[in-house]
2 protein chains.
Amino acid sequence: MNDKVSDLVDQMKRCGYKVTNQRELILKEFTEKGGHLSAQEVYENVRKVIPHISLTTIYRNIEMLIDIGVLCPVELASASDGSALYEINRIHDHHHHLVCTKCGKIIEFNMCLFQEIGKKLSSITQFKIDEHRLKVFGRCPKCQHGR
Amino acid sequence: MNDKVSDLVDQMKRCGYKVTNQRELILKEFTEKGGHLSAQEVYENVRKVIPHISLTTIYRNIEMLIDIGVLCPVELASASDGSALYEINRIHDHHHHLVCTKCGKIIEFNMCLFQEIGKKLSSITQFKIDEHRLKVFGRCPKCQHGR
DNA sequence: ATATAAATGGTAATGACTTTCATTTAGAAT
DNA sequence: ATTCTAAATGAAAGTCATTACCATTTATAT
């Protein structure tokens, strides 16, 4: 179990959840691929180690990990299929996504000019603003040919 | 049939689609409520006029209307239930959404500082950028009490 | 009026996700 | 180390939005 995973396992413990092989492996998936994974993808990978794991367990634990702030949903209809994607919640690493509309490739970036808009917006609307997401769609270098 | 609807009907005709009562009424829903509607909501409203209309017809026509650029998906997991929302595609009226995470109320705004980011982003990533969406989440004045 | 491709309605299928419930297990208590 | 118990799991059935299929109807070109 690498450092990243054990940090997250600790966080889970502190929240009163038990440590299971299933949970460790799910966390391992998210830290290793560093990526944007669907429940199905996590399932298929973890299954190589625990063949009898249930997809239900994946869904349940992703939800739990979102509750305690370890994961967060990527909030994109993942290009082709309609399933949700999740990633490690890097709370101090504000970032947005650039998505290729052809192949689904996701690039992260952290340029952001939201502060200026945010203040105006909350004074005009009287909303308490908690969060924002910028999604940019385009075609990656490989997918630019033939509209 | 009001002006807005007949404009859109014309657009449909030009694209080679036939004009049916069902289609006219679906368009009417989107122009009148000016809003962010789910297939189910359109269905329930149109059913008051054509009680035998099929939900399938709603889905099919929403898809067709997206194809020809009349509608576009709002791209938000609609707060409570997981169904998609659609709106009239106002191509020259660039706007974004501020969503209340409690009651689902949506406010539109058009402040946007994307140009500056967009240029940098495409020169760094070599993506051809087509589109972007900014979504802001918060709590509306009514929903601000009791986290 | 007629022909015909397109549109519709009804029903069944799909697929992501959730619920249920009986069984297993992590970790606290002894 | 053993026992206990609530929490976690797995398997199967259930939801719910959306899609596919197919027989029937209809808009519109002729």
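Just so we're on the same page: letters track the sequence lines, and every chain starts at 1.
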Review point. In terms of the nearest nucleotide of DNA chain D, which residue is placed more toward the 5' end: B:Asn21 or A:Leu55?
Key: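 Of the two residues, A:Leu55 wins.
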
Taking [atom1] from [X] and [atom2] from [N], how many angstroms apart are they, rounded to a whole number?
X	N	atom1	atom2	value
B:Tyr43	C:dT8	OH	P	14 Å
B:Leu85	D:dA17	CG	C1'	12 Å
A:Glu41	C:dA16	CD	P	11 Å
A:Ile50	D:dA11	CD1	P	12 Å
A:Asp67	C:dT18	CG	C1'	15 Å
B:Ile68	C:dA6	CD1	C1'	15 Å
A:Glu24	C:dT25	CD	C1'	14 Å
B:Leu25	C:dA7	CG	P	17 Å

Report the nucleotide, chosen from [options], that has the shortest atom-to-atom distance to any side-chain atom of [X].
X	options	result
B:Thr56	D:dT18, D:dA11, C:dG10	C:dG10
A:Arg60	D:dT28, D:dT9, C:dG27	D:dT9
A:Lys18	D:dA8, C:dG10, D:dA11	D:dA8

Practice item. Give one of base, sugar-phosphate or nothing for A:Arg23, where a contact means two heavy atoms less than 4.0 Å apart. Key: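 Sugar-phosphate: the residue A:Arg23, judged by heavy atoms under 4.0 Å, touches backbone atoms but no base.
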
Review point. So what does A:Ile53 hit on the nucleic acid, given a heavy-atom distance under 4.0 Å: a base, only sugar-phosphate, or nothing?
Key: sugar-phosphate

Return no unless some side-chain N or O of [X] is found under 4.0 Å from OP1 or OP2 of [N].
X	N	answer
B:Asn61	C:dT8	yes
A:Ser83	C:dC17	no
A:Gln22	D:dG10	yes
A:Tyr59	C:dC17	yes

If you compare all heavy atoms of [X] against all heavy atoms of [Y], which two are closest, and at what distance to 0.1 Å?
X	Y	result
B:Ile26	B:Thr57	CD1-O, 4.3 Å
A:Ser54	A:Tyr43	C-CE1, 3.9 Å
B:Glu24	B:Val5	O-CG1, 4.1 Å
A:Met111	B:Ile117	CB-CG2, 4.1 Å

Check your understanding: Taking N and O atoms by type only, does the side chain of B:Ser38 place a donor or acceptor under 3.5 Å from a partner on the base of D:dA17?
Key -> no

Check your understanding: Is the shortest heavy-atom distance from the side chain of A:Val136 to the side chain of B:Glu131 under 4.5 Å?
Key ->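 A:Val136 does not reach B:Glu131 side chain to side chain.
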
Check your understanding: Which sits closer to the 5' end of DNA chain C, B:Tyr17 or A:Thr20, going by the nucleotide each is nearest to?
Key ->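 Closer to the 5' end of DNA chain C: B:Tyr17.
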
